[in-house]
2 protein chains.
Amino acid sequence: MKVMYAVSSGRYNRPEFILPLLIIVQLGLNTVEGVWPLPQDFTSSTERYPLNPRAFHFGYGEQSVAQQGCSVLDAAFKRYFSLIFPDYTSANGVLQFSKDKPFIVEISVDHDDCESYPKEDSSEKYNLSVSERKAILNAETVWGAVRGLETFSQLVYQDDFGSYFVNKTEIEDFPRFQFRGILLDTSRHYLPVQTILKTLDAMAYSKFNVFHWHIVDDPSFPYQSRSFPSLSSKGAFHPMTHIYTQSDVRRVISYARLLGIRVLPEFDSPGHTNSWGKGQSDLLTPCYRGGTPSGTFGPVNPALPSTYQFMARLFKEVSSVFPDSYIHLGGDEVDFSCWKSNPDIRRFMHKMGFGVDFTKLQAFYIEKIVNITSALNKTSIVWQDVFDYHERRSSLSVVEVWRGGCYLCEVRRVAKAGIRVILASPWYLDQPGPTHNWARYYTVWPLAFQGTEEQKKLVIGGEVCMWGEYVDATNLSPRLWPRASAAAERLWSDEKQTSSVDKASPRLQDFRCKLVRRGIQAEPLYVGHCKHEYQGV
Amino acid sequence: MKVMYAVSSGRYNRPEFILPLLIIVQLGLNTVEGVWPLPQDFTSSTERYPLNPRAFHFGYGEQSVAQQGCSVLDAAFKRYFSLIFPDYTSANGVLQFSKDKPFIVEISVDHDDCESYPKEDSSEKYNLSVSERKAILNAETVWGAVRGLETFSQLVYQDDFGSYFVNKTEIEDFPRFQFRGILLDTSRHYLPVQTILKTLDAMAYSKFNVFHWHIVDDPSFPYQSRSFPSLSSKGAFHPMTHIYTQSDVRRVISYARLLGIRVLPEFDSPGHTNSWGKGQSDLLTPCYRGGTPSGTFGPVNPALPSTYQFMARLFKEVSSVFPDSYIHLGGDEVDFSCWKSNPDIRRFMHKMGFGVDFTKLQAFYIEKIVNITSALNKTSIVWQDVFDYHERRSSLSVVEVWRGGCYLCEVRRVAKAGIRVILASPWYLDQPGPTHNWARYYTVWPLAFQGTEEQKKLVIGGEVCMWGEYVDATNLSPRLWPRASAAAERLWSDEKQTSSVDKASPRLQDFRCKLVRRGIQAEPLYVGHCKHEYQGV
């Protein structure tokens, strides 16, 4: 049954024709809601079609390379059915009970990447065309199709009587940046696997595609290594309850895969390794005081061959556990004072001809680790510190810019050196400060530096960092959402179409209510309400 | 079966005797944990007794005035059994299955206030003595007994094998201040009833005893009035889903009663009443621009007799719905510009001889409202603005100090005028800022002003304010807890024993983990972990 009403489509397009104002007011100006992040090309009409959950299904197009049995899309159909019809509880197998003609969302993809992992260069482009009784979603890859399903789910809305509608719509969409990440820190506080999975869900709603898992650091080592089980049994907060087993990690990776999200592990060294030393003796540098060991330890000991044997074995394991082609090697904030205090390190420096320049020692160490991971066919990411200190920068692949101040100056320097850049500085969402100031994360211009087109292409994306000093499962969600969504639009959408905070504000408010409806504890931007408030607590 | 081990009791008392260090280390230094807020007089021993949930019960002492059937205590026994034994799921009626001799917590109270409401002068004093197979809890009132049960529940701990223990302990305890409140704002965002009830639970864990319900304000009027149903049907965010029905309010009040928490409603006027005007015409002042009404409205219109007829009826209803003897009348932040613009108001000013001093008009209005509520036998609280502007201050009963700057100067002024004071200024927890800086809420000295003992006694307590601009059910808990607990200790405990942030820090960390274990989303203070992390998300 088709019902046609004219409503103002609001923010993007002028209504094609205007029915009496009364009807517009009655139906509400907000019935056609926005999509977040904003698609590159979006045309919606005032023509709307009713959707009946009992006469709605997803299907594969005839020309689609992927067909039934495609794990990514089969799972996405199930997931999005519930997201599109949140009121509808007994979903499966009852299509026959409706006499309505069905509405079909027909998906076609060009590549059969159903059983693979999303990759750094995977296309996420899709076209979506919604018309009477049919939506056609075409994409090059299943990952593009998943993004398109997210968009479709955001196009569906309910009127005041609970009926579902979708408007006639044409969308051509693709991401501005290929790398759109969120960092979670599971060392400063342990995050239960469920919390990680829920965050992955919310990431997919904002079209993030990289989960940067800062899995270990000074305070704890929760990764349970097959090769070195002592690292977690001695270095985790608790050897049983506060670890990620191999199957936990597999579960996170395969859950993320279905959402089109890459899992990028970080094993940060030589600094930030305090917890490593508990389960691996002779790995860290013994610090000295007054000519004798003080009993404390500093960064990884770069002077011992055993260090590199250990690292080679550890990274071999990590490379096989995490399928992504990227690996994050850290390399930030190395404190030289312990190295300086240690006579063996000083002797090694002398032997290597480093003089008293400890940045050379650090560069030496990182280069060894980069070579280990290169030999494992991994592309390594390092924090900007490594770029700043390194002399032979050509050995670096990707640099992540995180320090404050003129971060675009640093982006420019890295790009000028011909190295790929990920920008994190403006998106440190763990920080206290005026938490509601989401516009601060929206008004970021990652390419606003002087450089050639070639250089700008080296900026592959950006990342929201949620460090764990003050964050665990109790407050992660409201701290991340919807502020991270502001960054997500900057990374996905066209900058020119999304440069106004005022225009974005009501759209972000709508989107935040969608997140809440989907069970995400996304905090409010300001005074107001959602039709469905968070009921979890 | 009794087991005796020596463990370091840690923070309060020296162990009476020391067994070999090995045992102490094995058992862990943290097995005897603290009580938050710190009791006034606390002596614990290293002697500990095992508790078996199948051989544990609460009972009424023979000399107790309250006996079985006492609603407050019967409910508290049930509640605290689950809180004391969180692992124990099938609780009821299986005591006979254990061969252990039972451990009895024997409660005696002097007054039979089982079916009454906690009052402003209700004693919360209690004595608790824990010895072998028995704990004796004596209190003047059931409210004191409820506080004592909370303390007892915090004394019980589990060893690494999951066994429950309690140490030999003697406690004499009473609150430093009689008024220890938390304000929730349900107008700027609607809070579901469940969220309010959960907050009441958490309040009881920190021994708060007043829920200040800032129920209506400019943005919405969710209170469903019997006398004036239009106020919520037109003034709430939504007339069905975003309101508090009479039975919702009753539910909150009776739930709070069982926890020994008073429910203090605030109907703030003459400012902060925007939403009132939607359902009650002629209540608000029409603002003028260029000699004609602009279509906007200002504060309540103090010039019309109908205003006071309306208020008398509304407050009569409110006084009967909310049993507490206090009522909060607001009176803050009145913007005079609309009153100034209105010729009828100016005419009234002239008639009354107020000249152009609009503070006189405000004082006139508030005095009328105070008289209305006095006639209903209610003690009124007003925000400090009223005290500041008022000439005849003697008509005021309780003033709440909320402005920043030298808030103790204001406390002193109010106390000097012989009026009771509630201090809120240092505890505006809704504010962004450095959210983790809990010490800021701990290092508050409410009585550090020059004044007589008599004047200091007029400071009846303090209040944590959680305004709703940026807060709703998605982020209320982590924003409130455990920071509000820092304020709670300032309001309950002896200042001299609790002046060190360093000493409080590990105790607050322990307490925060207890809150998490009890399902409260209390955010972390810093890097670390709880034995049982929050699993809700």
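Computed from a predicted model, the values in this text were never measured in an experiment. Here is how names work: the chains are called A, B, and so on, in the same order as the sequence lines, proteins then strands, and each is numbered from 1.
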Worksheet item: Atom CZ in A:Arg483, atom CD in A:Glu523: separation rounded to 0.5 Å?
Response: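 So the CZ of A:Arg483 and the CD of A:Glu523 are separated by 6.5 Å.
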
Practice prompt. With rounding to the nearest 0.5 Å, note down the distance linking CD in A:Glu333 to CH2 in A:Trp402.
Written response: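 A:Glu333 CD to A:Trp402 CH2: 4.0 Å, rounded to 0.5 Å.
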
Heavy-atom pair count under 4.5 Å with chain B, highest-scoring of [options]:
| options | answer |
| --- | --- |
| A:Cys530, A:Gly519, A:Gly528 | A:Gly528 |
| A:Asp472, A:Val516, A:Leu476 | A:Asp472 |
| A:Trp481, A:Tyr190, A:Tyr526 | A:Tyr526 |

Practice prompt. Could you check whether the rings of B:Phe221 and B:Phe267 sit parallel, tilted or perpendicular, using 30° and 60° as the cut-offs?
Written response: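 Tilted: the ring planes of B:Phe221 and B:Phe267 meet at 30° to 60°.
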
Worksheet item: Is it the side chain or the backbone of A:Glu533 that comes within 4.5 Å of chain B heavy atoms, both, or neither?
Response: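 When you check distances to chain B, only side chain atoms of A:Glu533 fall under 4.5 Å.
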
Worksheet item: Considering only heavy atoms, which portion of A:His189 lies under 4.5 Å from any heavy atom of chain B: side chain, backbone, both, or neither?
Response: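 Contact with chain B: backbone and side chain both.
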
Worksheet item: When you check the side-chain N and O atoms of A:Asp185 and A:Ser187, is any donor under 3.5 Å from an acceptor?
Response: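 Checked: A:Asp185/A:Ser187 side chains show no N/O donor-acceptor pair below 3.5 Å.
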
Worksheet item: With distance as the sole criterion, is a donor-acceptor pair present between the side chains of B:Trp383 and B:Glu266 under 3.5 Å?
Response: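 There is such a pair (donor and acceptor under 3.5 Å, judged by atom type) between the side chains of B:Trp383 and B:Glu266.
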
Worksheet entry | Partner chain A: residue of B:Lys531, B:His529, B:Arg188 with the largest heavy-atom pair count (under 4.5 Å) |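 Among B:Lys531, B:His529, B:Arg188, the one with the most close pairs to chain A is B:His529.
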
